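Model, not experiment: these values are computed from the prediction.
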Amino acid sequence: QFVESDDDEELLFNIPFTGSVKLKGVLVVGEDDGTHPAEMRLFRNIPHMSFDDTAKEPEQTFSLSRDPLGELEYPTKIARFSNVYHLSMHFPKNFGAETTKIFYIGLKGEWTEAHRHEVTICNYEASANPADHKLEQITPQTHFIS
């Protein structure tokens with residue numbers, strides 16, 4: 001089983017993670033012919049990336065070698081990929097075929113549970129307005145001492 005591009009050699013994968021990932025390396029397996037990808041561009045934390053978005057500068061670019069057995073691991077710049085919750089992989093070209101085929105993509109790294117905080121809406125008072133803080137249970141009492 002493999003993934004093959006449609007009309008040209010470009011392929012784009014969007015990979016969302018359920019937590020935060022420190023990505024350390026990538027493996028790409030293709031055939032030992034012209035359909036193997038020749039270049040890989042990695043983008044981090046751009047959900048729903050499209051081919052139009054690939055004009056942006058990637059976090060890291062790799063020149064790939066033909067690797068039908070998955071023996072080559074491409075190390076990433078860990079400082080750039082230390083807090084990844086969405087990874088986009090763009091394969092812009094191959095070794096000369098009309099389409100690109102990828103059989104396997106391996107990701108090496110460390111996963112940690114995401115700490116996503118929801119939005120909190122708070123109102124703060126610079127100074128208290130006594131009209132906003134009426135207390136009906138306190139009744140003033142006057143005591144006479146004779």
Side-chain angles (χ1 to χ4, degrees), residues 1-140:
Q1 295 180 350
F2 55 88
V3 173
E4 186 173 12
S5 60
D6 290 337
D7 297 331
D8 58 5
E9 66 275 5
E10 278 190 280
L11 273 174
L12 178 65
F13 292 92
N14 283 302
I15 306 167
F17 298 113
T18 58
S20 180
V21 173
K22 181 188 285 187
L23 186 65
K24 296 181 178 182
V26 179
L27 289 111
V28 178
V29 177
E31 286 197 276
D32 196 11
D33 61 6
T35 63
H36 193 289
E39 185 179 332
M40 175 176 61
R41 303 170 75 223
L42 298 180
F43 300 86
R44 68 177 177 89
N45 301 340
I46 306 175
H48 312 293
M49 187 171 182
S50 67
F51 283 105
D52 295 334
D53 298 326
T54 60
K56 296 179 182 179
E57 186 69 26
E59 299 295 324
Q60 192 168 358
T61 302
F62 298 93
S63 294
L64 304 179
S65 299
R66 290 184 178 134
D67 185 19
L69 301 176
E71 297 171 337
L72 298 175
E73 180 182 323
Y74 300 96
T76 61
K77 296 176 183 174
I78 296 175
R80 291 189 179 185
F81 294 96
S82 63
N83 187 18
V84 180
Y85 59 85
H86 189 278
L87 179 68
S88 298
M89 302 176 77
H90 179 228
F91 298 93
K93 60 185 178 180
N94 59 22
F95 286 100
E98 289 185 22
T99 61
T100 300
K101 289 183 184 178
I102 295 179
F103 288 85
Y104 177 80
I105 294 175
L107 303 174
K108 180 181 175 185
E110 297 174 11
W111 178 88
T112 56
E113 187 175 352
H115 298 288
R116 296 188 182 153
H117 301 283
E118 295 188 21
V119 176
T120 305
I121 299 174
C122 297
N123 292 325
Y124 295 97
E125 295 181 79
S127 62
N129 183 356
D132 291 339
H133 304 282
K134 291 183 181 178
L135 297 175
E136 296 179 15
Q137 61 216 26
I138 300 176
T139 55

Tightest non-hydrogen contact, residues His36 and Val28, listed as NE2-O, 4.0 Å
Of all heavy-atom pairs between Pro68 and Val29, which one has the smallest distance, and what is that distance? O-CG1, 3.4 Å
Which one of Ser5, Pro92, Pro37 satisfies the side chain to side chain contact (heavy atoms under 4.5 Å, CB included) criterion with Leu11? Ser5
Can a donor-acceptor pair be found, under 3.5 Å and without considering hydrogens, that links the side chain of Asn14 to the backbone of His48? no
The test is side chain to side chain contact (heavy atoms under 4.5 Å, CB included); show your working for Ile105 and Phe91 and say whether it passes. CA-CA 12 Å; Ile105 294 175; Phe91 298 93; 4.3 Å; yes
Atom pair CG (Leu27) and CG (Asp67), whose distance is rounded to the nearest 0.5 Å: 7.5 Å
Given side chains that start at C-beta, do those of Tyr85 and Asn45 come closer than 4.5 Å, heavy atoms only? yes
Does Arg80 use its side chain to pair, donor to acceptor, with the backbone of Gln60 at less than 3.5 Å? no
Quick check against the 3.5 Å criterion: does Arg66 have a side-chain atom that pairs as donor or acceptor with the backbone of Asp33? yes
Which distance, rounded to the nearest 0.5 Å, do you find between the CG of Leu87 and the CD of Glu59? 10.0 Å
On the 0 to 90° scale, with breaks at 30° and 60°, tag the Phe2-Phe103 ring pair as parallel, tilted or perpendicular. tilted
In short, Lys24 meets Glu73 closest at the heavy-atom pair O-OE2, 4.5 Å
Before you tell me yes or no, could you show the steps for Met40 and Thr61 under side chain to side chain contact (heavy atoms under 4.5 Å, CB included), namely the whole-Å CA-CA distance, both residues' side-chain angles and the distance that decides it to 0.1 Å? CA-CA 6 Å; Met40 175 176 61; Thr61 302; over 6 Å; no
Ignoring hydrogens and angles, tell me if any N or O in the side chain of Glu31 forms a donor-acceptor pair with the backbone of Lys101 under 3.5 Å. no
Point-to-point distance, once rounded to the nearest 0.5 Å, from OG of Ser82 to CZ of Arg44: 7.0 Å
Just verifying a value: how many Å separate Glu113 CD and Thr18 OG1, rounded to the nearest 0.5 Å? 9.0 Å
Passes side chain to side chain contact (heavy atoms under 4.5 Å, CB included), Phe17 versus Leu107? Steps please. CA-CA 12 Å; Phe17 298 113; Leu107 303 174; 4.0 Å; yes
If we only count heavy atoms from C-beta on, is the Thr76 to Phe62 side-chain gap below 4.5 Å? yes
Does the plane of the ring in Phe43 sit parallel, tilted or perpendicular to the ring in His90? Use 30° and 60° as the thresholds. tilted
Roughly how far apart are Ser63 OG and Tyr74 OH, rounded to 0.5 Å? 9.0 Å
Test side chain to side chain contact (heavy atoms under 4.5 Å, CB included) applied to Ile78 and Lys22, step by step: CA-CA 7 Å; Ile78 296 175; Lys22 181 188 285 187; 3.8 Å; yes
Under a 3.5 Å threshold, yes or no: a donor from one side chain and an acceptor from the other, between Glu4 and Thr99? yes
Working to the nearest 0.5 angstrom, can you tell me the gap between Asn83 CG and Leu23 CG? 12.0 Å
Which pair of non-hydrogen atoms, one from Ser88 and one from Ile46, has the smallest distance, and what is that distance? OG-O, 3.7 Å
Going by heavy atoms in the side chains, are Met89 and Leu42 under 4.5 Å from each other? yes
Taking Glu9 first and then Lys93, would you say they form a salt bridge - that is, a charged N and a carboxylate O separated by under 4.0 Å? no
